[in-house]
K.L.:
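Okay, handing you the structure first.
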Amino acid sequence: MMTTVRIAFRNTRRQKKRSFLLGGAIAFGVMMITLLNAFTAGLIDNVKLNFSYIIGGHIFITGSELTDTGRVINSIGDDDIAQTALDEILPYVQQVNRRSSSMGLLIFGAKDAVQRLDGINWEAEPDLIKNLSVTEGSLDEVTDRQAMILPQATANKLGVAVGETVLVKLSTVTGQQNLGEFRVIAISQDQSGFGIDSAFVSLSYLNELLDLEEDAYQMLHVFLKDMADMDMAADIVYESIAARAEVEPRYSMGLNMDRDEDLEEAQMEALNQLFGGERQVVEPWEGTKFAVTTLNDVMAPVMSLIGVLNTIGLVVFIILLLITMVGIMNTFRMVLIERTQEIGTMRAIGMQQSAVRNIFMLEALFIGLGGACAGFIMANIVMLALSLIHFNTDSALKFFLYQNRLTFRLVPGSVALNLTLLLVMTVLAAYAPARAAARLRPADALRATY
Amino acid sequence: MAIVVLQDVHKTYPLGKTEVHAVKGVSFEIEEGDFLSIVGPSGSGKSTILNLIGCIDTPTSGTVLINGQDTKKLTDRQLTRLRHEVLGFVFQSFNLIPVLNVYENVEFPLLLGDAAADKSERREWIEYLIESVGLAEWRNHRPNELSGGQRQRVAIARALVTKPQVVLADEPTANLDSKTGEVIIELMKKMNKELRTTFVFSTHDHDIMAIADHIIRLQDGRVIENIRRSESAVSTETS
Ligand SMILES: Nc1ncnc2c1ncn2[C@@H]1O[C@H](COP(=O)(O)OP(=O)(O)O)[C@@H](O)[C@H]1O
Ligand SMILES: [Mg+2]
């Protein structure tokens with residue numbers, strides 16, 4: 001066996017240029033697919049991380065209550081149920097924030113704009129201050145009762161500057177019109193690029209305007225220690241709440257292969273509750289109706305987009321491999337002709353057919369492996385180089401970056417899949433010529449003069 | 001007992017729509033320890049007969065017995081084993097493995113077998129053969145660094161490494177100048193005497209066939225003469 005391996009290995013170096021070209025094609029394919037996979041994995045990580053800061057968590061528990069007049073109020077009236085659920089995932093939790101939020105009409109002079117307001121307990125959420133990027137003003141006075149941090153887009157629309165005061169018209173949870181006054185202390189960069197950036201205000205003042213208790217809240221934002229635990233923890237929370245109260249069905253993209261419309265409607269409801277969209281009462285309920293949403297749910301459209309990107313990458317990789325396969329097949333047909341007499345010699349001396357076949361397939365395998373290694377190393381070099389670039393951007397692009405840099409993450413599963421695919425296809429390509437070589441009749445092979 | 005027996009062997013090759021009758025009813029025996037030369041003009045069937053004895057081809061009709069085994073009844077696997085264990089080959093164009101050096105080329109057939117043999121013993125045997133064919137200083141060179149005569153010496157060492165009963169050499173001197181050719185045949189004769197290995201070689205060179213003890217003369221696919229030198233003519237067939 002060692003003889004076969006040794007001869008196969010040395011054979012790869014007989015036609016250096018040819019092996020180099022084949023290996024190079026393979027290396028290129030491996031490099032591109034490795035780069036793409038690592039790039040998208042890093043992208044997802046960054047988007048999730050940035051997103052989690054913007055919308056303030058990984059798991060969100062919202063509640064809605066029904067008034068006697070049939071109005072839906074966004075409020076968690078029963079903190080005990082939520083707290084019991086949170087206790088069950090305590091080991092995974094890093095931080096829990098309780099926020100209120102409302103859509104409001106911002107008025108400045110003759111201009112107005114609809115804007116979502118998030119009421120923040122700034123003492124409880126120091127990380128938000130750290131992660132907000134402010135284009136104008138400063139966050140020094142963030143704890144002022146009437147301070148407001150306004151997203152750039154809305155500030156532009158209103159023509160408001162730092163230090164100026166805006167009026168906010170909103171509805172209390174019971175549907176009364178109310179008016180508040182905020183002073184813009186800072187303007188934040190639009191991070192999401194999806195137009196869903198919130199204006200941040202103080203929780204207690206917003207509660208007052210919403211006609212909630214000073215320490216009440218509408219949404220529980222849960223930061224986990226590890227984002228990977230997100231779906232698992234959300235399921236635990238969901239089960240716990242479901243055992244004690246009404247809860248909207250979980251929004252889970254992957255699991256419902258056969259989607260039914262009721263479920264989809266309910267899931268839309270859960271998302272609406274999170275983002276304060278238009279509400280419709282389908283069926284009345286008692287007490288607080290909860291909804292559990294995760295960052296993954298919110299990210300699902302982005303993820304599926306990236307999934308599509310990876311699938312396209314894989315298809316291109318396979319096409320590249322198919323082209324390489326044709327190259328390998330032709331090369332080994334040529335090799336077969338060139339080495340006919342040598343094969344005859346080895347067969348005459350006593351080499352079995354299987355060994356002749358193995359020499360061919362091993363040679364292909366070595367070229368494949370060599371190309372894969374080179375491609376993998378090249379991919380890592382390119383990744384390193386790209387991750388050194390500091391992007392001084394203030395656009396939505398920042399959303400995909402981590403501290404202004406691209407990050408790459410090798411996903412072992414993808415690397416293994418690509419490598420397996422490559423090696424299987426390489427060996428398959430060499431199989432037909434290898435078998436032909438093995439089946440040459442020794443006498444004929446020895447007579448051959450090329 | 002004869003180690004190789006040919007009985008009324010015929011071989012036809014398909015050639016387009018017709019056939020070439022290359023060997024037409026050949027019968028002879030090769031005794032253990034023979035130093036046999038098969039001679040005849042080009043196209044007389046020398047290579048065909050050597051291929052049949054060498055089990056790299058099978059007769060169209062008639063029987064070829066190696067050690068009493070009918071080669072027609074063996075599978076490809078068994079024939080390969082037989083070639084490996086009983087036979088050795090020396091080719092006209094040397095046919096060394098280009099990616100292996102002298103030592104590795106000589107060692108090569110040993111690695112194809114089950115190779116349970118003692119490593120140091122094996123090494124000694126290979127070194128002995130390389131020494132015997134006079135290439136001790138070239139053991140680490142690749143074939144393309146050697147002259148034709150040197151390459152054929154490597155081939156002889158390689159053919160002998162498995163301690164075969166019969167070494168078959170199809171025109172081993174055809175690609176060498178006559179002086180070198182003679183030296184090669186003398187080397188084969190030396191190994192024949194030292195190791196009691198049977199040698200069968202084909203040639204159309206009169207000086208070279210003179211070294212053989214046993215000559216089979218072919219013409220047009222038939223044996224026209226079968227002479228044992230030491231005991232004068234054993235038999236003479238004319239057709
Ligand atoms: N594979 C083959 N196919 C067709 N004809 C062949 C083949 N091998 C040998 N022959 C023919 O058989 C005859 C004997 O050839 P060969 O045994 O090679 O003779 P020699 O070795 O004495 O020159 C020649 O006419 C040759 O052309
Ligand atoms: Mg010939």
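Protein chains get the first letters and strands the later ones, always in sequence-line order, with residue 1 at the start of each.
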K.L.:
Output the residues of residues 146-163 of chain B for which the shortest heavy-atom distance to chain A is under 4.5 Å, in residue-number order; output 'none' if no such residue exists.
P.N.:
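Hits under 4.5 Å: B:R158.
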K.L.:
Go through the atoms of A:A348 and report whether side chain, backbone, both or neither lie under 4.5 Å from a heavy atom of chain B.
P.N.:
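Both parts, heavy atoms under 4.5 Å.
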K.L.:
At a 4.5 Å cut-off on heavy atoms, which part of B:S93 comes close to chain A: side chain, backbone, both, or neither?
P.N.:
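Just its side chain gets close to chain A.
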K.L.:
Would you say the side chain of B:F108 lies within less than 4.5 Å of the side chain of A:I7, judging by non-hydrogen atoms?
P.N.:
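Answer yes - side chains close enough.
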K.L.:
Answer with side chain, backbone, both or neither: which region of B:N51 has an atom nearer than 4.5 Å to a non-hydrogen atom of chain A?
P.N.:
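Answer is side chain: those atoms of B:N51 sit under 4.5 Å from chain A.
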K.L.:
Go through it in stages, so that I can follow the logic: the residues are B:N95 and A:E342, the test is side chain to side chain contact (heavy atoms under 4.5 Å, CB included), and I'd like the CA-CA distance, side-chain angles, deciding distance and then a yes or no.
P.N.:
CA-CA 7 Å; B:N95 296 20; A:E342 188 180 320; over 6 Å; no
K.L.:
Any side-chain heavy atom of B:R81 sitting closer than 4.5 Å to one from A:Q352?
P.N.:
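Yes; the side chains approach each other to less than 4.5 Å.
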K.L.:
What distance do A:R441 atom CZ and B:I56 atom CD1 have between them, rounded to the nearest 0.5 Å?
P.N.:
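Answer rounded to 0.5 Å: 9.5 Å.
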K.L.:
If we only count heavy atoms from C-beta on, is the B:T80 to A:M351 side-chain gap below 4.5 Å?
P.N.:
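The answer is no; the side chains never approach within 4.5 Å.
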K.L.:
Within a reach of under 6.0 Å around NE2 of B:H141, are more than 12 heavy atoms found that belong to other residues, nucleotides or ligands?
P.N.:
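Check passes, neighbour count above 12.
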K.L.:
Inspect the surroundings of CE in A:M325 and state if more than 12 heavy atoms from other residues, nucleotides or ligands are less than 6.0 Å away.
P.N.:
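Enclosed: over 12 neighbouring heavy atoms sit under 6.0 Å from CE of A:M325.
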K.L.:
What closest approach, in Å, do A:T345 and B:F91 show between heavy atoms, and which atom pair accounts for it?
P.N.:
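Scanning both residues completely, I find the closest heavy atoms to be CG2-CE1, 3.7 Å.
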K.L.:
Is the shortest side-chain heavy-atom distance between A:Q353 and B:R77 below 4.5 Å?
P.N.:
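No, their side chains stay 4.5 Å or more apart.
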K.L.:
Under 6.0 Å from the CZ atom of B:F201, do we count more than 12 heavy atoms belonging to anything else shown?
P.N.:
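Yes - once you tally the heavy atoms of other residues, nucleotides and ligands closer than 6.0 Å, there are more than 12.
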K.L.:
Which atoms of B:E107 are under 4.5 Å from chain A, going by heavy atoms: the side chain, the backbone, both sets, or neither?
P.N.:
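The side chain, not the backbone.
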K.L.:
Is any side-chain heavy atom of A:P442 closer than 4.5 Å to one of B:R83?
P.N.:
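Yes, their side chains come closer than 4.5 Å.
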K.L.:
For B:L112 versus A:G350, what's the shortest heavy-atom pair and its separation?
P.N.:
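Between these two residues, the closest heavy atoms are CD1-C, 3.7 Å.
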K.L.:
Could A:R347 and B:D76 be called an ion pair, given the rule that one side-chain N must be under 4.0 Å from one carboxylate O?
P.N.:
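A salt bridge links A:R347 with B:D76.
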K.L.:
Are the side chains of A:R10 and B:L100 in touch, meaning some heavy atoms are under 4.5 Å apart?
P.N.:
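Yes; the side chains approach each other to less than 4.5 Å.
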